[in-house]
Amino acid sequence: MEQLTAEFGGAGQVGTGVGPVLEKFDSVSRIAVLRGGGLGDLIFAIPAMAALKAAYPDATLTLLGSPIHKSLLAAVKGPVDEVCILPFAEGVRPGDEDPEALEAFFADMRSRNFDLAVQVHGGGRYSNPFLLRLGARHTVGTRTPDAASLERTVPYLYYQHEPLRAVEVAGFAGAFPLDLEARLEPLTKFRGACDGTDDDGGQPLVVIHPGATDPRRRWPVGQFAELAAACGADGCRVVLVGDKSEQELAERIAEQAASAAVTSVAGALDMAELVSLLAEAAVVVGNDSGPRHLAQALGVPTVGIFWAGNIINAGALGRSLHRIHASWVTTCPSCGIDVTQVGWTAPRCVHNDSIVAGVPVRDVYEDVRSLMATAAVRQGA
């Protein structure tokens with residue numbers, strides 16, 4: 001097996017951030033950053049893009065991302081100047097590949113004459129060859145032993161905090177870190193029209209997102225319903241959010257909560273409305289999912305329900321405004337397969353049993369109350 005080492009591309013180290021910060025590249029006016037995936041994937045890359053923008057302030061930064069990324073970045077202030085939607089391509093954006101569409105995309109990208117292309121999309125098996133087809137003068141990214149080399153590469157080992165991994169890659173491009181986690185600000189203010197209430201009467205708002213891309217990361221419906229009902233009984237306004245695929249899930253929780261204080265707007269909000277609703281919340285509760293990561297980036301207190309392994313990759317770093325509840329399950333509840341072996345090449349059984357079901361409602365509820373009290377103190381200061 002090839003030994004996995006960092007590749008400096010002949011550059012010297014000029015400082016230290018998350019890892020070595022290498023010499024900047026000369027004459028960089030156009031930067032491309034490759035990051036596909038969902039909402040959380042984009043948020044994990046925001047600190048790296050902010051660092052690149054600060055290191056090369058005269059350069060335009062183009063994100064090669066997904067449609068949901070474009071929607072979010074149109075609703076917030078951030079470091080990206082332009083979003084180009086990725087074509088369907090194996091390991092980069094799931095979907096049926098169209099060779100003509102792929103070639104047209106790469107022809108367009110090559111015509112832009114990128115000076116620097118940065119890959120923060122996984123270990124590089126598919127994303128590094130994709131990045132190389134952009135024709136940029138310089139390339140930087142992560143790499144597993146079986147991936148193509150770039151000019152400078154950081155070894156890709158699955159268990160690393162994703163925002164810090166991306167910041168480490170930015171350091172190899174000559175960028176010192178500014179933030180260790182994403183900071184975003186909404187462009188518009190929520191007016192309450194989409195949450196089913198015209199006047200909240202000053203009630204604190206608790207937003208709950210019960211979904212997750214991997215169903216094993218979802219807290220069970222009954223536990224979310226119990227939490228929502230308890231928050232409603234405390235005088236909170238509880239709003240469940242999610243996309244259209246999560247609408248039925250949210251409605252089941254609202255029905256089981258059986259409280260007039262609990263409503264669902266899952267599937268009803270566009271991205272700008274979701275951003276501004278989250279920004280108005282006193283606390284956001286969710287699994288390891290995009291909306292919880294987005295709430296954190298907006299500076300909103302959160303309570304997260306995580307499988308322990310995902311905390312390493314995606315957990316909030318601080319605890320004054322963010323609380324995390326960990327499930328220490330290491331095997332599938334149905335078949336006993338080891339679930340700690342993760343990544344593209346790891347075995348995945350067919351079962352979707354929740355591996356976070358053991359997190360008690362009482363503990364999550366106590367943290368919601370604690371953060372509500374913290375929010376009240378901050379507002380009164």
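All values below come from the heavy atoms of this structure, side chains included, with hydrogens, waters and symmetry mates left out.
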(message) Please check: side-chain N/O of Lys244 versus main-chain N/O of Gly267, any donor-acceptor pairing under 3.5 Å?
(response) yes
(message) A side-chain contact here means heavy atoms from C-beta on lying under 4.5 Å apart; do Arg183 and Pro79 qualify?
(response) no
(request) Dump the intermediate steps for side-chain contact (heavy atoms from CB on, under 4.5 Å) on Asp58 and Val28, then the final yes or no. (result) CA-CA 8 Å; Asp58 297 326; Val28 172; over 6 Å; no
(request) Tell me whether the guanidinium CZ or amine NZ of Arg165 lies under 6.0 angstrom from the six-membered ring centre of Phe44 and within 45° of its axis. (result) no
(message) Could you check whether Tyr56 and Phe25 have their ring centres less than 6.0 Å apart?
(response) no
(message) Whether Lys77 and Glu185 form a salt bridge (side-chain N of Lys/Arg under 4.0 Å from carboxylate O of Asp/Glu) is what I want to check.
(response) yes
(message) Looking at every non-hydrogen atom in both residues, tell me the closest pair between Cys231 and Val368 and how far apart they are.
(response) SG-CG1, 4.0 Å
(request) Keeping the roles fixed (side chain from Asp234, backbone from Cys236), state whether a donor-acceptor pair exists under 3.5 Å. (result) no
(message) A side-chain contact here means heavy atoms from C-beta on lying under 4.5 Å apart; do Arg112 and Cys84 qualify?
(response) yes
(message) Filter on salt bridge (charged side-chain N to carboxylate O under 4.0 Å, His left out), then keep only pairs touching residues 47-57, sequence neighbours left out; what's left?
(response) Lys53-Asp81
(request) For residues Gly141 and Leu150, report the shortest heavy-atom separation together with the two atoms involved. (result) N-CD1, 3.5 Å
(request) May I ask you to check whether over 12 heavy atoms, not counting those of Gln256, lie within 6.0 Å of atom CD? (result) yes
(message) Any donor-acceptor pair under 3.5 Å linking the side-chain atoms of Thr144 with those of Asp146?
(response) yes
(request) Indicate whether the side chain of Thr62 and that of Arg30 have a donor and an acceptor atom separated by less than 3.5 Å. (result) no
(request) Decide yes or no on side chain to side chain donor-acceptor pair (under 3.5 Å) for Gln119 and Thr142, but give the supporting numbers first. (result) CA-CA 7 Å; Gln119 185 274 106; Thr142 48; 3.3 Å; yes
(request) Check the pair Arg292 / Asp288 against salt bridge (Lys or Arg N to Asp or Glu O under 4.0 Å), numbers first and verdict last. (result) CA-CA 7 Å; Arg292 195 222 63 86; Asp288 172 18; 5.9 Å; no
(request) Could you tell me whether the side chains of Thr60 and Glu82 share a donor-acceptor contact shorter than 3.5 Å? (result) no
(request) Evaluate the side-chain proximity of Phe306 to Ser327: yes if any heavy-atom separation is below 4.5 Å, no if none is. (result) no
(message) Which label fits Tyr159 and Trp307: parallel for a plane angle under 30°, tilted from 30 to 60°, or perpendicular past 60°?
(response) tilted
(request) Quickly, which of Arg218, Arg217, Arg216 forms a side-chain hydrogen bond (donor to acceptor under 3.5 Å, both in side chains) with Asp214? Name it, please. (result) Arg216
